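Written below as structure tokens is the structure these notes are about.
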Protein chains: 2
Amino acid sequence: MKLSTRSRYGVRAMYELASKYGKGPITLKSIAEKQGISESYLEQLLVSLRNAGLIKSSRGAQGGYQLTKDPKDIRIGDIIRILEGPIAPTECVITEETDCRNADKCVTRLIWKEVKESLEGVLDSITLQDMCDKAKGKMIN
Amino acid sequence: MKLSTRSRYGVRAMYELASKYGKGPITLKSIAEKQGISESYLEQLLVSLRNAGLIKSSRGAQGGYQLTKDPKDIRIGDIIRILEGPIAPTECVITEETDCRNADKCVTRLIWKEVKESLEGVLDSITLQDMCDKAKGKMIN
DNA sequence: TAAAATCCAATCGAATTACTCGGAATTAAA
DNA sequence: TTTAATTCCGAGTAATTCGATTGGATTTTA
């Protein structure tokens with residue numbers, strides 16, 4: 001039940017971009033330095049996030065990356081889905097349908113479904129904005 | 001965020017034992033057949049579960065495995081912890097303390113903590129008895 | 001004593017993960 | 001116009017994990 005480093009690094013990088021939202025492009029290099037992540041590895045993650053439309057890039061000198069939308073509109077779940085696929089503890093609950101012909105197996109499937117829903121509930125309830133707020137101690141919760 | 005087959009197989013095997021609780025030892029072979037799991041692989045899982053005290057074994061002919069306690073006292077979370085370690089999405093939230101000296105990283109840590117708590121909440125709220133009840137359609141929920 | 005079981009330790013192949021490398025392309029600034 | 005900064009892209013690789021197998025050894029019942 002561990003998250004991959006893709007997700008963990010990705011969330012940190014996105015938080016970094018969120019904290020500088022509206023201030024122009026941020027370089028890969030500076031994100032990597034600030035978060036202590038390998039540049040070349042982080043680059044791959046940013047490419048995925050860009051292809052998915054969560055961030056945009058500008059090439060050349062003074063280039064870099066920035067969010068395509070407001071931090072309050074980007075959920076942690078969005079980032080994780082892009083970087084490591086569907087949020088589900090098992091293959092059989094990725095979609096609603098299943099080819100679960102064995103009744104016994106289906107009993108366990110009910111559990112995995114609950115787990116999935118719980119996971120999505122949490123991850124889709126937290127936005128990058130929430131993270132920024134918490135960082136500044138503005139969050140009561 | 002996928003569960004390993006250890007956990008999935010393990011829960012199914014434990015469910016199998018729960019459904020026959022109080023009826024004497026069940027053989028590895030019959031569990032494996034019923035659940036469509038490789039015998040030799042399942043054996044490893046049962047050894048772990050036995051060492052952890054969730055099941056007990058009797059050797060020799062007519063031997064097999066059985067639960068050490070009532071199905072209502074065995075939670076899915078217990079099984080998963082034994083078969084794949086602490087229920088936590090990241091290393092940094094396995095224990096309460098952390099060596100998180102970077103404030104930025106700690107913001108993400110808050111999220112992983114919420115995820116962990118949510119996961120544990122679900123997995124520790126479901127017992128083997130619940131699974132048996134659901135299988136018989138006795139559960140309203 | 002034979003058959004039915006669990007026990008145990010080692011091994012192994014495949015897949016996945018985390019990460020690196022070497023340029024090519026683009027852009028801004030000197 | 002050149003240079004430096006930067007993203008883009010595809011290939012490669014080392015390490016780890018995962019799922020599973022193998023080959024006995026031991027125990028117990030019939």
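Just so it is clear, the model here is predicted, and its values are computed rather than measured. Order of the sequence lines fixes the chain letters, A, B, ..., with proteins taken first and strands second; residue numbering starts at 1 for each chain.
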Does a side-chain N or O of [X] approach OP1 or OP2 of [N] to a distance below 4.0 Å, or not?
| X | N | value |
| --- | --- | --- |
| Tyr9(B) | dC18(D) | no |
| Tyr65(B) | dC7(C) | yes |
| Thr5(A) | dT17(C) | no |
| Ser58(A) | dT7(D) | no |
| Arg50(A) | dC8(D) | yes |
| Ser38(B) | dG19(D) | no |

Would you say the side chain of Arg59(A) and the base of dT6(D) hold a donor-acceptor pair, judged only by whether the two atoms sit under 3.5 Å apart?
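A donor-acceptor contact between them is absent.
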Measure distances between side-chain N and O atoms of Gln44(B) and base N and O atoms of dT21(D), and say whether any donor-acceptor pair falls under 3.5 Å.
yes
Run the salt-bridge test on [X] and [Y] with the 4.0 Å N-O cut-off and return the result as yes or no.
| X | Y | value |
| --- | --- | --- |
| Arg81(A) | Glu120(A) | yes |
| Arg12(A) | Glu16(A) | no |
| Lys29(B) | Glu33(B) | no |

Quick check for you: among dT6(C), dT7(D), dC8(C), whose closest atom lies nearest to any side-chain atom of Ser57(B)?
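Out of dT6(C), dT7(D), dC8(C), the nucleotide with an atom closest to Ser57(B)'s side chain is dT6(C).
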Could you please name the option among dA18(C), dA28(C), dT7(D) that lies closest to any side-chain atom of Arg6(A)?
dA18(C)
Rounded interatomic separation in angstrom, taking [atom1] from [X] and [atom2] from [N]:
| X | N | atom1 | atom2 | answer |
| --- | --- | --- | --- | --- |
| Leu83(B) | dA20(D) | CG | P | 14 Å |
| Glu91(B) | dT17(D) | CD | C1' | 13 Å |
| Tyr41(A) | dT17(C) | OH | C1' | 6 Å |
| Lys2(A) | dT16(C) | NZ | C1' | 17 Å |
| Lys29(B) | dA3(C) | NZ | P | 14 Å |
| Leu28(A) | dC21(C) | CG | C1' | 15 Å |
| Leu49(A) | dT7(D) | CG | C1' | 15 Å |
| Glu39(A) | dT20(C) | CD | P | 10 Å |

By the 4.0 Å heavy-atom rule, please label Leu46(B) as base, sugar-phosphate, or nothing.
nothing
Take Gln62(A) and Ser40(A), find for each the nucleotide of DNA chain C with the closest heavy atom, and name the residue whose nucleotide sits nearer the 5' end.
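Of the two residues, Ser40(A) wins.
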Using side chain to side chain contact (heavy atoms under 4.5 Å, CB included) as the criterion, point out the one residue from Leu54(B), Leu49(B), Val47(B), Ile55(B) that pairs with Asn51(B).
Val47(B)
State whether a side-chain donor-acceptor pair under 3.5 Å links Thr90(A) with Arg109(A).
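Checked: Thr90(A)/Arg109(A) side chains show no N/O donor-acceptor pair below 3.5 Å.
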